[in-house]
Asks: 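Mind looking over this structure? Questions follow.
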Amino acid sequence: MKARVTVTLKNGVLDPQGKAIEGALGALGFAGIGSVRQGKVFDIEVEGTDAVKAKAELEAMAAKLLANTVIENYRVEIVD
Amino acid sequence: MKARVTVTLKNGVLDPQGKAIEGALGALGFAGIGSVRQGKVFDIEVEGTDAVKAKAELEAMAAKLLANTVIENYRVEIVD
Amino acid sequence: MLQNDTPITPELIASHGLKPDEYQRILDLIGREPTLTELGIFSAMWNEHCSYKSSKKWLRTLPTTGPRVICGPGENAGVVDIDDGQAIIFKMESHNHPSFIEPYQGAATGVGGILRDVFTMGARPVAAMNALRFGSPDHPKTRHLVSGVVSGVGGYGNSFGVPTVGGEVNFHPRYNGNILVNAFAAGLADADKIFYSKAEGVGLPVVYLGSKTGRDGVGGATMASAEFDESIEEKRPTVQVGDPFGEKLLLEACLELMKTGAVIAIQDMGAAGLTCSAVEMGAKGDLGIELDLDKVPCREANMTAYEMMLSESQERMLMVLRPEQEEEAEAIFRKWGLDFAIVGWTTDDLRFRIRHQGAVVADLPIKDLGDQAPEYDRPFVRRPVPAALAAADVAEPNDYAEVLLKIVSSPDMASRRWVWEQYDHLIQGNTAQKPGGDAAVIRVEGHDKKGLAFSLDVTPRYCEADPFEGGKQAIAECWRNLTAVGAEPLAATDNLNFGNPEKPEIMGQFVGAIEGIGAACRALDFPIVSGNVSLYNETNGVGILPTPAIGGVGLMPDIDAMATIAFKNEGDVIVQIGRDGTHLGQSIYLREILGREEGTPPTVDLAEERRVGDLVRGLIRGRLVTACHDLSDGGLLTALAEMAMARGLGATVAIPEAVATRHGFLFGEDQARYVVTVSPSVLDAVTAAAAEAGVEARVLGTVGGEMLDVSGITTISVAKLKQGHDNWFPDFMAVSD
Amino acid sequence: MKSAVVVFPGSNRERDMIAAIEKITGHRPAVVWHGDHDLPKVDLIVVPGGFSYGDYLRSGAIAAREPIMGAIAREAERGVGVLGVCNGFQILCEAGLLPGVLMRNAGLKFICKEVELRVETTDSRFTRGYAKGQVIRSPVAHGDGNFRTDDETLKRLQDEDRVAFRYVDNPNGSIDDIAGILSEKRNILGMMPHPENLIEPLNGGTDGRPLFEAALAAVA
Ligand SMILES: Nc1ncnc2c1ncn2[C@@H]1O[C@H](COP(=O)(O)OP(=O)(O)O)[C@@H](O)[C@H]1O
Ligand SMILES: [Mg+2]
């Protein structure tokens, strides 16, 4: 199975990279850009066929390692 | 409009981060993990209502700044 | 993907960078058509990067020995004795083409490669430097390249944990299509515990260590020797990605393994990875090597023999180990989380035999791969040296202050702080002189006072005008920079960056530069112990400026006596050591202020260089000087400004009445010169020492105040100079493009 | 006074730290490998700088989840001193032993330079060798030193006098110019600057010394 875990910054948490990209996009002449927030994705191959079980495992991985839950949210999807 | 640009490493490009995460997940006792590949997401607010135009703009941004097209692929979605 | 029985067509041969006569040579050597894998192996071994086929003849003319040289060129890095049973091991290497294509990863893997060269020999890296050349600041690609290269150099070195303490940055339109990224690394080892690549013993295991093999940079070494054209985009997927964390583990694991005595031979996998490293270990030891590719740890599925043999995946090593210590060795690598696999063994039949999935995919005479590589005596022409330019024929500034401000704020002369603050130059806790001076100094760990000095130098515009004098000057300036901190220059490494050697004028530049380098090295007892040649730095027929970068190492028995460039005390006397400035041909003044790149470069009188340098070093070691700076780009007034800006302390100086030209005196770039400051109480001793050495010493004025004042000519605030000097780089890089 | 330096794969300032402690105290610290589950009985545990696990994922994240961190937490609970410098600070935050996170520098670039720090409290074993308000010099060398917390945590840090050092001229965008913080019990200090790289004249100064002298003299 293939899964994707998406980790994004919580609202209100400062995002220095996103800010810098906003600035750079403006300077490149892209107009009409509001805010930019940067996050991460993890594409993970999981053995087995039980999607429910896999999802639960992935949630645990995200909570335990992939995201810093003080500042980040995560979402798990089974892709196929 | 809200858009998400997802940037992932091209196939075959070494991903030291993914490799380290794989190892860490194993050490934390998560079994059955195949490969882990790390990528980035950019959540971008775009002004206007023309989704087709916005998508074209975002593709240009991704190619020019958000992705390093030498080693990365990107995908643009309009979220709402 | 191509299979091993792919027919060998002329197109395939050409796409491997092999000329028809080179292919004929292959047919003659092996008496049959090569397989695809064999063709790949030949192309890797016989390209310029590995075989040095255009440069070998000339490299042989360089002086490479000396009383302190333990190992000269031919191994992964040069080894030089620094007393107390210790050795410094160093080398420089280019990663020019990859850095143009992907600046961050190109520069990062360049740093990774040179660090590996150093620790492969058993040394722990203690210092790194980088020589960077970019196109014109207003070229649309320049900012992106500067930003990527600098963060790549830092990204790798900082994480690996080596202090990056020096380097050079230049801008010139001739690098628009071909930037130069030359990385230097130096490491420390015990002189009796150096590791070499020569395999010994038949039937011994050949062990693969480090990271897994992927398709990274397949064909990379071939790319490094090919001229660029507009089809460059197509070459992109061969980019390698660096893993500094993996390399740090590899360092620790290798050093730990070396302590066990298990290592017979070791070779890192650099350009053309497994091929070059295995052939080198076997050929050097008069042994054959047999590899079983099924044992090679791979990162990707279905890799062909061809891909495995040419992969340039980073952070990998090949070793020959004592069989009885195999287990011990494996345990060390497992502890560090690294791959360890026996992938072959040494044989006595002098064949390089590769097995893959039950078949022999290559079977070649191992010695011939290296020894029989083509060697060219390429035709060359020496371009006539430009007409000399007399200072009297160069316009004098109306406003010296304005000119000085412009010079110290120009792209090539502005402070490089923006660059080196992105490099961890303090790690290891031994940095005694940070970047920003004439040479960096680090303390040798375990000693209180023993230090090593490092400098990287070349003046490409001089080399372009007169390759011979330019080559001499590169060595002389490096030697002078080491001397200016009080070090005894020991030996050097070179990185010879040139255009297409198949053009006789380019070959002429190469030959001239090497002759100049050789002459200077001999005169200064400063042998070349390692180096690298990068040719074909040319895009659409436009070649780079000839750029033979020189990295030098010096020894300081007592770092407490080290000199720095900053003015220290109000009232110190400023003394010029060496002759007066007169020469404005090819000077910074001429180029930056008058927009002309003309005339001959200054000549270096090597005997004088040595005489003046030995005097200055003696003064520094005798603790007679409070500051010292060599004179180079921008001449005397620029040097005084740099000494003033370093601490925000000014000076009042006067120039002699009977000076030939004032601007020649103040901006001339005559060689073999220094400025020192001394306390008034020792001035007489200093001038007496100079007189005795037969060296001119001219009192120029005194340190003090907030202005740099040249009596009757100009006066300018040091703060204002500093503002221009400090701000050019950050301001330039702050503009997004 | 006994100390231990904990080494993770990718740590790279452990040698600086070990040398500094040895030069200052005359005693060589014990070196503890990341895979160990226990610590020797010491008075000070140091988590040094570097790029543990390459700082991949997030700086300090992978190291923070290693077995040895449980031992460090137990020792800290008993009142043993814990000093995290640079990557060590990041690891302690990721492990939850100190509040907050260290994000990318506001300028997005790695910064290596000497900065000035104001000593904000002398009420800790680490800072009592300085005077309150004293300005000391210290090198920084990091890419992720931008300290961030929510407002509530920040207020607690301020109200409980747990800000140990502030930057005089903020190099990385840290909230409230914070360079180092103390734990609730004041026995854990996390700081981005490197006091271990300013302990002898060769480094250009010795302002880092009092920190180690005090920390290693504190517990009798
Ligand atoms: N790429 C770089 N990395 C680190 N330090 C650099 C770099 N480029 C220049 N520097 C440092 O900036 C200072 C000035 O450089 P340069 O003008 O080339 O010195 P010099 O003329 O004495 O050779 C030197 O200390 C040099 O080491
Ligand atoms: Mg100099």
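Per chain, numbering begins at 1; letters A, B, ... match sequence-line order. Just so you know, these numbers use all the heavy atoms, side chains as well, and skip hydrogens, waters and symmetry mates.
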Asks: If you take all heavy atoms of B:P16 and C:G242, which pair is closest and at what distance?
Replies: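 So the two residues come closest at CG-O, 3.7 Å.
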Asks: Kindly give the heavy-atom pair with the smallest separation between C:I101 and B:V70, and that separation in Å.
Replies: O-CG2, 3.8 Å
Asks: Taking all non-hydrogen atoms of both residues into account, name the closest pair between C:Q105 and B:I71 and its distance.
Replies: CG-CD1, 4.5 Å
Asks: Under 4.5 Å, counting heavy-atom pairs only, tell me which of C:K212, C:E315, C:E102, C:Q314 racks up the most with chain B.
Replies: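 Looking at each option in turn, the highest pair count goes to C:E102.
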Asks: Measuring heavy-atom distances to chain C, does B:D15 have an atom under 4.5 Å in its side chain, in its backbone, in both, or in neither?
Replies: neither
Asks: Surrounding CZ of B:R75 (heavy atoms of other residues, nucleotides or ligands, distance under 6.0 Å), is the total greater than 12?
Replies: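 Not more than 12 within 6.0 Å, no.
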